[in-house]
Amino acid sequence: MPRDRLVVRIEGREVELSNLDKVLYPAAGFTKGEVIDYYTRIAPVMLPHLRDRAATRIRYPNGVGGAHFFEKNKPAGTPDWVRLERLPVPGSTKSRETIDFVVVDDLPTLVWLANLAAIELHTPQWRVRAEPDLLVVDLDPGAPAGLRECCAVAVLMRDRLAQDLIAAYPKTSGKKGMQLCCPISGTQGSDVVSGYARRVAEELARLVPGSITAKMARQLRPGKIFIDWSQNNAAKTTVTPYSLRAGAVPTASTPLTWAETEAMATGAAPARQFGAAEALDRAERHGDLLADLLRPGPALPG
């Protein structure tokens, strides 16, 4: 075996690792070995959010500054122990109507994907062959608005959702904005979930038209927070909690407490994204702040 390759045994599975010294984040000097180490250490809190969900990967084989590609279908050379699910592709215009998705149920699969430079992992709002059990809204800032303004809108949206007995949990996107994730019943289709999210987004945009938009047109976004209700469309995925993001430095989509979100909204604390080391430290101190997403929530109002 070449010197830049080694085989490790993880939970009874043999996983081949390669080029561990390859720098994937040049500005930070962060290597593929460090990416694998991050995913190995964050796995206890991340895997429950990946389990039973078809994973879309964004791979950066030559680092975050190089070419990248989205991957839904199983890659060549997929080990026979990796869970695959042949599922329809919602909204596909291609002749192939089903593909073999990878489902990340265990640590060996997560490490195997990290070794493929799958830096970002994205998942849908439903488990395999089930209705959505999550409602997710993306809060996307249009400059000069930023994460601080996203946090203010998140608090407003939390209070509005609470009127319908929907609990919301915040996390950073790891890039510019943030998401709110809400556990729901898993008994209603994506059209119902998306329709509800759109109604709430449009209601808040009417309430605070100078700061919020629910329209996708980019020319309407400068200085406003776009509440992207379309994340609940059957064809959409959202960055998985704790996933790394492919920016200049290795940030992660990091769960927040509501106290932190409110402090960021008011300026009492700096509004910022969190690095990989910080995400690990927070998980050790807080556990999984999104654990409630793993339990069924209420049905959405009609």
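Remember, predicted model here, so these are calculated numbers, not experimental data.
In this structure, Val249 stands alone, with no Ile, Leu, Val, Met, Phe, Trp or Tyr side-chain heavy atom under 4.5 Å from its own, directly or through other members.
Judged as a side-chain contact (heavy atoms from CB on, under 4.5 Å), and not counting sequence neighbours, the contacts of Leu20 are Leu6, Leu17, Ile36. Taking Tyr169 as the reference, nothing meets the ring-ring contact (aromatic ring centres under 6.0 Å, His included) condition, with sequence neighbours excluded. Residues satisfying the salt bridge (charged side-chain N to carboxylate O under 4.0 Å, His left out) criterion with Lys175, sequence neighbours excluded, are Glu120. Taking the salt bridge (charged side-chain N to carboxylate O under 4.0 Å, His left out) definition, one finds that Glu14 meets it with Arg9, sequence neighbours left out. Remark: Tyr25 pairs with Phe30 by the ring-ring contact (aromatic ring centres under 6.0 Å, His included) rule, at least two apart or across chains.
The stretch residues 177-201 participates, sequence neighbours left out, in these salt bridge (charged side-chain N to carboxylate O under 4.0 Å, His left out) pairs: Arg198-Glu202. Residues in residues 263-277 take part in these salt bridge (charged side-chain N to carboxylate O under 4.0 Å, His left out) pairs, two or more places apart or across chains: Arg272-Glu278. The ring pair (Phe, Tyr, Trp, His ring centres under 6.0 Å) analysis of residues 58-89, with sequence neighbours excluded, yields the pairs Tyr60-His68. For the salt bridge (charged side-chain N to carboxylate O under 4.0 Å, His left out) condition, the pairs that include at least one residue of residues 24-37, sequence neighbours left out, are Asp37-Arg41. Screening residues 256-268 for salt bridge (charged side-chain N to carboxylate O under 4.0 Å, His left out) gives Arg158-Glu262, Glu260-Arg282 as the qualifying pairs, with residues at least two apart or on separate chains. Every pair tested for ring pair (Phe, Tyr, Trp, His ring centres under 6.0 Å) that includes a residue from residues 215-262 fails, sequence neighbours excluded, so the list is empty.
Of the residues listed (Thr240, Thr237, Asp133), the one engaging Arg53 in a side chain to side chain donor-acceptor pair (under 3.5 Å) is Asp133, and it is the only one. Each of Lys176, Met264, Met178, Gln179 was scored for a side-chain contact (heavy atoms from CB on, under 4.5 Å) with Cys150, with one residue passing: Met178.
Rounding to the nearest 0.5 angstrom, the gap separating the CG atom in Leu204 from the CG atom in Leu161 is 8.0 Å. Here Leu165 contributes atom CG and Cys182 contributes atom SG; the two are 12.5 Å apart, rounded to the nearest 0.5 Å. Here the straight-line distance linking atom CD1 of Ile42 with atom CD of Glu284 works out to 10.0 Å at 0.5 Å rounding.
More than 12 heavy atoms of other residues, nucleotides or ligands lie within 6.0 Å of CG in Asp159, so this atom counts as buried by the packing criterion. Summarising the local packing, CZ of Arg285 is surrounded by more than 12 heavy atoms from other residues, nucleotides or ligands at distances under 6.0 Å.
Side chain to side chain, Thr238 and Gln231 meet the donor-acceptor criterion of an N or O pair below 3.5 Å.
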Gln273 vs Ser173, side-chain contact (heavy atoms from CB on, under 4.5 Å): CA-CA, chis, key distance, verdict: CA-CA 8 Å; Gln273 304 290 336; Ser173 69; 4.1 Å; yes
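Across all non-hydrogen atoms, the minimal contact from Pro170 to Thr261 is CG-OG1, 3.5 Å. Closest of all the heavy-atom pairs between Thr172 and Ala252 is OG1-O, 3.5 Å.
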